[in-house]
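As structure tokens, the structure follows; a few thoughts come after it.
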Amino acid sequence: MKTRKKSIIGLVILTAVLFFSSCENEPPTDLTLTPFIPLPVSIEATGGEFEITVKTVVYATEGLEVTAQILASQIAEKTGIMPEVEISATAPRKGIYISGSGENGEGYELKIGKKLVTITGSPAGCFFGVQTLLQAINTEDEEGEKDFEIATGIIKDKPYYEYRGAMLDVARHFFNVEEVKQFIDFLAMYKMNVLHLHLSDDQGWRIEIKSWPNLTTYGGSLEVGGGPGGFYTQEQFKELVQYAADRQITIIPEIDMPGHTNAALASYAELNCNGKATELYTGTRVGFSTLCTDKDVTYQFIDDVVREISVLIPGKYFHMGGDESHSTPLEDYIPFVEKVQKIIKSHGKEVIGWDEIANSAIVEGTVVQFWADEANTTMGIAKGAKVIMSPAKKAYLDMKYNADTELGLRWAGLIEVDTGYDWDPETLSDSISRENILGIEAALWSETVTNIDEVEYMVFPRLPGYAEIGWTAPDKRNWDEYKTRLATYGKVFEAMGIDYYKSPLVPWEE
Ligand code: TNX
């Protein structure tokens, strides 16, 4: 009898222990512990839980339907629950409410209550708030569970830099519309707001120009390695611009000139100084091609190209390249860059160029993109230009992670995940300070990168780091803390089918 009693007491204790220890493993209800990337300005936890269930509805004020739809389908992807979307001018009692504030800017407020989640901000702010909310959903519930928790609290947030971009080189290897959309999705997840498309180079011309059709039919036919290239029709390009705009991302088109132009020179004999078309090129050398800078037809050509592309984009910038024009004498390069800036301005756009363009006079509004040469960049600043920070040694997504990385180049160095994250645009160079900097852009050149799986490998996990440099104030960033947040994203990447580099420097969660 005694022993039976004892064993019953034992059982009760054991059950209690199991119960409480299983509670310890419950998802945290402390919002400050959620590993957001990029890190928001402020997070206040209120200790409760909001649950996403099959009854959850996403409400939005007029004009934010697309953002609401994107939130609903992302929730569905994460949880299997597809919320309904409804337009509502007033706050509901429960559910998720995306509420346009009528303000400008990119800031937002995200209030997570037990019954109601509210995101308030401009259209851009609301979209970024949606990304924060998505990262807060706990999907680590036990098998078969139907509800998904979000810790309650209040997040107030806004970006540090206005320009937070990535570049994709679609010229060396072509990436089709679906692949570019996937790339856009990656940027959107981390609140990046610019996609710079490198649309022309020696190896290929990738956007339809109706007044110069050979550019694509012939000049776009190949890519590095000799495989079939490709190009976007203007309709397809518009589709990409819209897809990006729905995600608060501006597409900046780059037509690289006067160098990096072999695809154009092969397509039209008259663009060459000797009047003879070149051969198509599928190697990876740079610096051998140049437009003929003293022919009138060259400027007619540029005017047509800029005009046709400018009407396809709502954004204010047009990128003229200008890098590595080693075959253009400097005395020709300088007036060329001046003339092209004026052409671009005449079509209502502001100019961006790689840092070499600072050798020329700088038209008001022109932006210099720092990639290699500090002296050029400093010269550009002295001439009144703002700067986009893309230092190759830190922000080139085509650099190898380590000596064993199969893909990528290494001319600017190896870029491990910590090297890519642990730097500050405003202290990198003594002569470039905060007031000169528009923002940051990470560049993926595609000499060695041939398909979206390879893009994923080079981009993840470095991309979230560049996004955080763009969004989060430098005094709130540090590698040792960041790596523990990044560590939780291995599972996210896996769930998304993203093939990423499992850096040994990151304590990946199993
Ligand atoms: C330099 S960065 C280039 C590109 C190459 C890249 C490879 C820049 C403005 N020019 O033409 O693709 O290096 O890393």
Side-chain angles (χ1 to χ4, degrees), residues 165-175 194 196-206 223-225 229 252-265 281-291 317-328 333 337 340 351-360 366-377 379-380 385 387-401 405-415 419-420 428 440-450 454-455 457-459 462-463 466:
M167 190 209 78
L168 181 63
D169 172 5
V170 296
R172 269 55 174 274
H173 280 98
F174 181 65
F175 297 92
V194 170
H196 165 185
L197 285 177
H198 183 75
L199 290 166
S200 69
D201 212 304
D202 293 320
Q203 298 86 346
W205 187 286
R206 307 301 181 199
E223 61 181 9
V224 166
I252 298 182
E254 177 188 353
I255 298 297
D256 205 346
M257 55 187 136
H260 289 282
T261 40
N262 185 70
L265 298 166
Y281 180 69
T282 58
T284 59
R285 274 189 307 123
V286 298
F288 61 89
S289 56
T290 183
L291 293 173
Y317 290 115
F318 190 103
H319 201 307
M320 64 167 291
D323 58 314
E324 300 174 316
S325 292
H326 305 319
S327 307
T328 322
Y333 177 88
V337 169
V340 174
V351 181
I352 305 178
W354 297 107
D355 59 46
E356 288 95 325
I357 67 158
N359 285 291
S360 178
T366 291
V367 174
V368 167
Q369 186 163 11
F370 170 55
W371 68 281
D373 195 318
E374 279 185 46
N376 281 343
T377 309
M379 201 157 44
V387 177
I388 295 164
M389 295 296 283
S390 303
K393 289 177 189 169
K394 301 286 185 190
Y396 267 24
L397 288 162
D398 63 318
M399 290 302 123
K400 292 176 185 290
Y401 292 100
T405 310
E406 276 175 36
L407 299 169
L409 304 174
R410 54 181 303 173
W411 68 265
L414 301 171
I415 305 186
T419 307
L428 189 73
I440 166 178
E441 184 178 296
L444 181 57
W445 300 96
S446 64
E447 285 94 335
T448 64
V449 178
T450 70
E454 294 177 354
V455 167
Y457 189 77
M458 297 312 276
V459 159
R462 287 184 291 203
L463 188 77
Y466 299 119

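Indexing begins at 1, ligand by ligand and atom by atom, following the structure's order. All values reported here derive from a predicted model rather than from experimental measurement. FYI, the numbering just counts along the sequence from 1.
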Atom OG of Ser325 and atom CD1 of Ile357: how far apart are they, to the nearest 0.5 Å? 11.0 Å
Can you find a side-chain donor-acceptor pair between Ser200 and Asp256 that sits under 3.5 Å? no
Pairs under 3.5 angstrom, nitrogen or oxygen on both sides, ligand 1 versus protein: list them out, please.
from	atom 1	to	atom 2	distance (Å)
ligand 1	10 (N)	Asp323	OD2	2.9
ligand 1	10 (N)	Glu324	OE1	3.2
ligand 1	11 (O)	Arg172	NH2	3.0
ligand 1	11 (O)	Glu324	OE1	3.1
ligand 1	12 (O)	Arg172	NH1	2.8
ligand 1	12 (O)	Glu447	OE1	3.4
ligand 1	12 (O)	Glu447	OE2	2.6
ligand 1	14 (O)	Asp398	OD2	2.6
ligand 1	14 (O)	Trp411	NE1	2.8

Mind checking whether Trp445 and His198 have parallel, tilted or perpendicular rings, split at 30° and 60°? perpendicular
Using modelled atom types only, decide if a donor and an acceptor are shared between the side chain of Tyr401 and the backbone of Met458 within a distance under 3.5 Å. yes
Atom of Val170, atom of Arg206 and distance for their closest heavy-atom approach: O-NE, 3.1 Å
Is NZ or CZ of Arg462 both nearer than 6.0 Å to the six-membered ring centre of Tyr466 and within 45° of the ring axis? no
